Amino acid sequence: MATATACVAPPSTSTSSFLLLRRRLPAAAPAFRCLGAAPHRRGRIQVALTSEVSSDDVAAEEAAAASKIGRRVRVTAPLRVYHVLKAPNLDVQGMEGVVNQYVGVWKGKRITANTPYKVEFHLPVEGQPKPVRFFVHLREDEFEFVDNE
């Protein structure tokens, strides 16, 4: 019986590893060569993800971030956003908003969010009865907490 051989791709820089499962070909099947394209056979690919962080560290990070959700903040860094249609090229430095969500932990695992704090802002626009609501993702060093006076 002939056996299928796996095509080996050049090593990648990704941290995920792929495991290819081999299947036996029928005896009458012709042998094939890897020419860059995979054969039209169905195979299974398994992805192995490893985490170097303990669950206690992630739980502590979530608890620390949970105390900041709902607090009022002021943006201290010069930052322009372009996704607000009613106010293109908007500078949010000095604006006040509310921390809405922490996205640095997802399903109990730490993810590499560069700007993990989702902050909600309300911008009054001339000619509209209600202010425009928009969200901006910020790092912790780009805002300061405003004391409730």
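Numbers here are sequence positions counted from 1. The figures here come from the full heavy-atom set of this structure, side chains too, leaving out hydrogens, waters and symmetry mates. Since we're looking at a predicted model, the values are computed, not measured.
- Using modelled atom types, no side-chain atom of E144 and backbone atom of R74 make a donor-acceptor pair closer than 3.5 Å.
- Tracing side-chain contacts under 4.5 Å through hydrophobic residues (I, L, V, M, F, W, Y), one reaches V84 starting from M95; they form part of the same cluster.
- Shown here for Y102 and I69, the closest heavy-atom pair between the two residues is N-CD1, 4.0 Å.
- Using a 4.5 Å heavy-atom threshold, the side chains of H83 and V136 count as touching.
- A 4.5 Å side-chain heavy-atom check between N89 and R80 finds at least one atom pair inside the cut-off.
- For the pair L123/L90, a side-chain contact is recorded, criterion being any heavy-atom separation below 4.5 Å from C-beta on.
- Contact check for Q128 versus K86: side-chain heavy atoms found under the 4.5 Å cut-off.
- Considering only heavy atoms from C-beta on, F145 comes within 4.5 Å of K68 through its side chain.
- Under the 4.5 Å side-chain heavy-atom criterion for ILVMFWY residues, no single connected hydrophobic cluster contains both L138 and F135.
- Across P116 and G104, no two heavy atoms sit closer than the pair CB-N, 3.9 Å.
- Nearest heavy-atom pair across Q93 and T76 is NE2-O, 3.2 Å.
- To the nearest 0.5 Å, atom CG of residue D141 and atom OH of residue Y117 are 10.5 Å apart.
- Ring geometry, F134 versus F121: the interplanar angle falls under 30°, so the pair is classed parallel (tilted spans 30 to 60°).
- Within a 6.0 Å radius of CG in L85, other residues, nucleotides and ligands contribute 12 heavy atoms or fewer.
- Checking side-chain atoms of E142 against main-chain N and O of R139 turns up a donor-acceptor pair under 3.5 Å.
- You'll find the side chain of V105 reaches within 4.5 Å of the side chain of E61, heavy atoms only.
- Put simply, the side chain of H137 reaches to within 4.5 Å of the side chain of V103, judged on heavy atoms.
- Follow the hydrophobic side-chain contacts under 4.5 Å out from V99 and you reach L79 in the same cluster.
- V132 and V98 fall into different hydrophobic clusters, where Ile, Leu, Val, Met, Phe, Trp and Tyr are joined by side-chain heavy atoms under 4.5 Å apart, directly or via other members.
- No side-chain heavy atom of V119 sits under 4.5 Å from any side-chain heavy atom of N100.
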